[in-house]
Amino acid sequence: MKKLFENDAKTATVFVDTTIGYIVLRLSGKVNFEDYKEVMLLLIQQAKEHKISQVILNNYNLEYDTPKSRIWFLTSFVYQVQRTLGEELSVAIIRPRNNFQKVALNTLVSLVQGQGFKFTIRFFVDEPQSIEWFQESN
């Protein structure tokens, strides 16, 4: 797995594995809106560039993301994903330890699914389980 990006605050890191064909986004600590938006847009770009349709969103160590980030995710990001990558996307999500973030993430996923997007979204305990799911799907 190769590191593609890490922000200055070290709260957002993107990795790619071209062997199995997936991208990992790890969010940790307190992520401000600018860093959140930058890393999410990078995720789309890298998935397109590497022709990858499997993504792990690892939020395990995420302590805080801004309400503005979540609104932008729902009103802009998912549409950009759909336009750029299509809906044949498998998303593995590692839930945060932080209970507030866990509730916020569950709500966000419910809202995305309620909007009719066809992304396959599953929750996992850790990255190895997610990778196993990707390998079984291939």
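Predicted model, so just to flag it, every value in this text is computed and none were measured. Counting from 1, the numbers follow the sequence of the chain as shown.
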When you check the side-chain N and O atoms of Asn59 and Arg95, is any donor under 3.5 Å from an acceptor?
no

More than 12 heavy atoms of other residues, nucleotides or ligands under 6.0 Å from CD of Glu88: yes or no?
no

Check whether more than 12 heavy atoms from other residues, nucleotides or ligands sit under 6.0 Å from atom NZ of Lys102, and answer yes or no.
yes

If you group Ile, Leu, Val, Met, Phe, Trp and Tyr whenever their side-chain heavy atoms sit less than 4.5 Å apart, what else falls in with Val125?
none

Closer than 4.0 angstrom, basic N to acidic O: yes or no for Glu34 and Lys37?
no

What residue among Ile121, Leu43, Ile94 forms side-chain contact (heavy atoms from CB on, under 4.5 Å) with Leu57?
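Exactly one pass, corresponding to Leu43.
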
For Met1, the option from Val24, Ile20, Val16, Ile23 that meets side-chain contact (heavy atoms from CB on, under 4.5 Å)
Val24

Just by modelled atom types, is the [Y] backbone N or O under 3.5 Å from a matching donor or acceptor in the [X] side chain?
X      : Y      : answer
Thr11  : Asn7   : no
Gln129 : Phe124 : no
Thr107 : Val103 : yes
Glu87  : Lys118 : yes
Ser76  : Trp72  : no

How close do [X] and [Y] get, counting heavy atoms only, and between which atoms?
X      : Y      : value
Leu108 : Arg70  : CD1-O, 3.7 Å
Gly21  : Gln54  : O-NE2, 2.9 Å
Asn58  : Glu127 : ND2-OE2, 2.7 Å
Phe33  : Thr66  : CB-OG1, 3.8 Å

Do Arg26 and Tyr60 form a cation-pi contact, if we require the NZ or CZ to be under 6.0 Å from the six-membered ring centre and within 45 degrees of the ring's axis?
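No, Arg26 does not lie over the aromatic ring of Tyr60.
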
